[in-house]
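The block underneath contains the structure these notes are about, expressed in structure tokens.
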Amino acid sequence: MFKNNKIKRYLSSLLAAIAVVCSIGVSMFAYGSDDIAINSTNFKDDVWRGLVEEYLDPDGNGYLSLSERSGVTLIDVSGFLEAKYGESTYVEIADLTGIEYFTALKTLRVGGIGLETLNVYPLVALTSLTCQGNYLTSLNLLGNEELVELNCAANHIKGLQLALNTKLKKLVCHSNEIKSIDLSKNTLLETLSIFQNELSTLDLSNNTLLSSLNCSNNHLKTLDLSANPLVGEIIEEAIGNQTVEATANYSAEDGSIYVDYAIPNPSRVVSTSIDSVEEVDGGTVFVKGYRGSSFVTYDPEAFLDGIIYYYDVNLEGAENMSVRVNVTRDFFVVRYYDSAKLTNKLGEEIVNGGDSAVFELESIPQCKLFIQWSENLSNITEDIQTYAIWKDDHNIQVSSFEDGVVHIGCSKGCGLDEEYTFADSMNAKTGDETYVSVLDMNSDGIINAKDFAMLIKAL
């Protein structure tokens with residue numbers, strides 16, 4: 001169609017130029033064959049894009065050339081934010097889109113900047129990643145086989161796949177929501193900080209170079225450090241305070257409370273909070289609270305705040321690991337007291353949920369009549385403290401009547417001794433402040449001369 005090749009080449013160049021102009025704002029602005037435009041398409045977050053412009057585009061032309069990108073081996077976004085906005089800044093970056101263009105990166109620091117997602121998969125040269133204190137729920141590290149150090153603590157990460165990160169030496173991932181982790185391929189691992197997660201097991205048998213460990217505040221039943229001699233004299237605070245859940249049952253047959261709970265290698269249970277010493281045939285016997293497959297006690301007070309056991313982690317010089325068993329139950333303890341002060345306990349009983357409590361008083365205080373317990377004891381659904389409500393039950397009699405003064409006492413021997421001047425109660429009726437029932441000899445509701453005469457006759 002075009003016979004003149006110069007015109008053809010000119011039109012082709014013109015059309016290409018128009019196409020580039022039309023692509024501005026909707027796709028990568030190709031300033032050069034390998035240049036990356038610093039725009040909202042390639043760097044979505046406004047704050048992040050501003051940092052790239054200020055700190056990572058040395059010629060300030062609005063594009064990142066291949067040479068500019070390939071020369072960047074360290075990016076400290078956290079440091080950039082502090083330098084630009086001050087150390088106490090609350091400026092956050094939710095999206096780090098564009099970081100994938102810096103494929104020569106070896107060190108990336110993006111801790112505490114507000115990230116919700118982070119894509120480091122393309123950063124194949126990365127050896128150190130710090131992204132702690134963000135809002136990350138996942139982290140894909142399958143493309144980062146050169147990674148040596150990882151700090152992703154204080155996020156919401158539920159799992160880490162580290163099978164390909166075989167060069168990893170330092171892993172700091174505490175304060176997340178990690179339920180399980182496989183470290184069998186990370187044989188070079190030296191430092192592991194994984195406390196305050198949701199781990200129920202932790203296998204460190206392949207991590208023989210491990211020299212620093214903190215795995216406390218998880219849900220570990222057991223821990224074996226026999227393959228990790230370099231961790232040395234590890235203290236309980238670094239491995240303990242584990243919490244697990246179990247259900248307690250009550251046996252009405254023998255009155256025992258038992259918690260079925262299987263612990264691997266039960267012989268390594270050193271002690272429990274429900275261990276006891278009992279008197280047997282004039283001597284004392286130590287009774288273990290853990291009986292090989294369950295915890296057993298006869299004292300309901302012993303487990304109400306949970307059961308703690310200490311587990312030998314199988315490493316010389318290491319302290320024992322503490323595990324708290326939080327106990328759920330469908331039975332409750334009713335405690336009985338003799339007064340509202342709740343100081344003198346009369347007894348207690350265990351009641352299955354929904355049943356009624358029944359307690360028989362072995363003795364009743366002198367000159368008292370039991371009326372009822374202070375709490376409703378039917379349909380028990382919680383632990384209860386209750387006290388007896390009494391009323392006086394004296395056998396009051398007039399002991400003497402001289403010079404108008406009446407002495408009364410209790411024939412049951414409780415020591416009651418009172419005196420009243422009859423004239424003070426003369427003509428008093430039931431309900432009056434001066435009415436004394438014992439002076440109303442004929443029980444007609446009024447104290448008068450008839451009662452006076454009856455008193456004289458009676459004595």
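Interatomic distance, CG of Leu150 versus SG of Cys173, reported as 7.5 Å (0.5 Å rounding). Summarising the geometry, atom NZ belonging to Lys170 is positioned 9.0 Å from atom OG belonging to Ser193; distances are rounded to the nearest 0.5 Å. With values rounded to the nearest 0.5 angstrom, Ile384 atom CD1 is found 3.5 Å from Ile380 atom CD1. Here the OG atom belonging to Ser138 is positioned 11.0 Å from the CD atom belonging to Gln161, to the nearest 0.5 angstrom. Here the CG-CG distance, from Leu183 to Leu202, works out to 6.5 Å after rounding to the nearest 0.5 Å.
Not a single donor-acceptor pair under 3.5 Å links the side chain of Asn320 to the backbone N or O of Ser322. For Asn186 (side chain) and Leu171 (main-chain N/O), no donor-acceptor pair under 3.5 Å exists by modelled atom type. A donor-acceptor pair under 3.5 Å links the side-chain atoms of Asp45 to the main chain of Trp48, judged by distance alone. The backbone N or O of Ser205 sits less than 3.5 Å from a side-chain atom of Asp203, completing a donor-acceptor pair. With hydrogens and angles disregarded, no donor-acceptor distance shorter than 3.5 Å links the side chain of Asn218 to the backbone of Leu220. In this structure, Ser374 contributes its side chain and Thr386 its backbone to no donor-acceptor pair below 3.5 Å. Of the possible polar contacts, none joining the Ser256 side chain to the Ser251 backbone as a donor-acceptor pair under 3.5 Å is found. When atom types are taken as modelled, the side chain of Asn176 and the backbone of Asn155 share a donor-acceptor pair closer than 3.5 angstrom. Under the 3.5 Å distance criterion, the side-chain polar atoms of Arg69 are left unmatched by any main-chain donor or acceptor of Ala104. Between the Asn134 side chain and the Val110 main chain, a donor and an acceptor come within less than 3.5 Å of each other.
Residues Leu105 and Val72 meet the side-chain proximity criterion, which asks for heavy atoms closer than 4.5 Å. Residues Ile181 and Leu162 meet the side-chain proximity criterion, which asks for heavy atoms closer than 4.5 Å. Contact annotation: the side chain of Ile350 approaches that of Ile257 to within less than 4.5 Å [non-hydrogen atoms, C-beta and beyond]. For the pair Asn228/Asn207, a side-chain contact is recorded, criterion being any heavy-atom separation below 4.5 Å from C-beta on. When side chains are defined from C-beta on, Leu168 does not count as touching Leu188, because their heavy atoms never get closer than 4.5 Å. Using a 4.5 Å cut-off on side-chain heavy atoms (C-beta onward), Asn352 and Asp330 make no contact. Inter-residue side-chain proximity for Leu56 and Leu51 is flagged as unmet; no heavy-atom pair is nearer than 4.5 Å. In this structure the side chain of Asn144 never reaches within 4.5 angstrom of the side chain of Leu129, judged on heavy atoms.
Side-chain polar atoms of Thr328 and Asn326 form no donor-acceptor pair below 3.5 angstrom. Under 3.5 Å, the side chains of Glu177 and His156 contain a donor-acceptor pair of N or O atoms. For the 3.5 Å distance criterion, the side chains of Tyr135 and Glu92 qualify, holding a donor opposite an acceptor. In summary, the side chains of Ser212 and Glu190 do not present any donor paired with an acceptor at a separation below 3.5 Å, with no hydrogens or angles considered. Side-chain contact, Asn344 with Asp338: a donor N or O sits under 3.5 Å from an acceptor N or O.
The ring of Trp373 has its center closer than 6.0 angstrom to the ring center of Tyr336.
In terms of heavy-atom proximity, Arg324 sits nearest to Ile308 at NH2-CD1, 3.3 Å. Between Tyr290 and Gly292 the shortest heavy-atom distance is OH-O, 3.1 Å. When all heavy atoms of Ser67 and Ser65 are compared, the pair lying nearest together is OG-OG, 3.0 Å. Taking every heavy atom of both residues into account, Ala37 and Asn42 meet most closely at O-ND2, 2.8 Å.
Using a 4.0 Å cut-off between charged side-chain N and carboxylate O, Asp95 and Arg49 make no salt bridge. Using a cutoff of 4.0 Å between basic side-chain nitrogens and carboxylate oxygens, Glu54 and Lys84 are scored as salt-bridged. Using a cutoff of 4.0 Å between basic side-chain nitrogens and carboxylate oxygens, Glu198 and Lys179 are not scored as salt-bridged. Between Lys167 and Glu145, no side-chain nitrogen of the basic residue sits less than 4.0 Å from a carboxylate oxygen of the acidic one, so the salt-bridge criterion is not met.
Atom NZ of Lys185 sits in a sparse spot, with 12 or fewer heavy atoms from other residues, nucleotides or ligands closer than 6.0 Å. Other residues, nucleotides and ligands contribute at most 12 non-hydrogen atoms within 6.0 Å of the OH atom of Tyr90. Annotation for Tyr85: atom OH counts as buried by contact number, over 12 foreign heavy atoms lying within 6.0 Å. No more than 12 heavy atoms of other residues, nucleotides or ligands sit less than 6.0 Å from atom NZ of Lys44. Within a 6.0 Å sphere centred on OH of Tyr55, heavy atoms belonging to other residues, nucleotides or ligands number more than 12.
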Salt bridge (Lys or Arg N to Asp or Glu O under 4.0 Å) between Arg291 and Asp260, intermediate numbers included: CA-CA 10 Å; Arg291 312 284 177 85; Asp260 289 333; over 6 Å; no

May I have the step-by-step check of side-chain hydrogen bond (donor to acceptor under 3.5 Å, both in side chains) for Thr297 and Asp299, ending in yes or no? CA-CA 6 Å; Thr297 182; Asp299 180 7; 5.5 Å; no

Hey, mind stepping through Ile99 and Leu123 against side-chain contact (heavy atoms from CB on, under 4.5 Å) and telling me if it holds? CA-CA 8 Å; Ile99 194 68; Leu123 306 180; 4.2 Å; yes

May I have the step-by-step check of side-chain contact (heavy atoms from CB on, under 4.5 Å) for Ile234 and Leu225, ending in yes or no? CA-CA 10 Å; Ile234 193 165; Leu225 299 182; 4.2 Å; yes

If you apply the rule side-chain contact (heavy atoms from CB on, under 4.5 Å), what do you find for Cys215 with Leu213, and how did you get there? CA-CA 6 Å; Cys215 62; Leu213 171 67; 4.2 Å; yes

What's the verdict on side-chain contact (heavy atoms from CB on, under 4.5 Å) for Leu315 and Val231, showing C-alpha distance, side-chain angles and the deciding distance? CA-CA 9 Å; Leu315 177 65; Val231 299; 3.3 Å; yes

If you apply the rule side-chain hydrogen bond (donor to acceptor under 3.5 Å, both in side chains), what do you find for His219 with Thr243, and how did you get there? CA-CA 5 Å; His219 310 301; Thr243 58; 3.1 Å; yes

Run the side-chain hydrogen bond (donor to acceptor under 3.5 Å, both in side chains) test on Tyr63 and Asp57 for me, step by step, so that the C-alpha distance in whole Å, both residues' side-chain angles and the decisive distance to 0.1 Å come before the verdict. CA-CA 7 Å; Tyr63 298 89; Asp57 182 21; over 6 Å; no

Checking salt bridge (Lys or Arg N to Asp or Glu O under 4.0 Å) for the pair Arg335/Glu301: CA distance, chi angles, key distance, verdict? CA-CA 11 Å; Arg335 301 175 182 83; Glu301 304 285 348; 2.6 Å; yes

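Note: Tyr250 and Phe331 have tilted aromatic rings, judged against thresholds of 30 and 60 degrees for the angle between ring planes. Taking the six-membered ring for Trp and thresholds of 30 and 60 degrees, Trp390 and Phe370 have ring planes more than 60 degrees apart, a perpendicular arrangement.
Partner Phe295 forms a side-chain contact (heavy atoms from CB on, under 4.5 Å) with one of Tyr309, Phe303, Tyr258 and no other, that one being Tyr309.
Under a cutoff of 6.0 Å and an axis angle of 45°, Lys221 and Tyr261 form a cation-pi pair.
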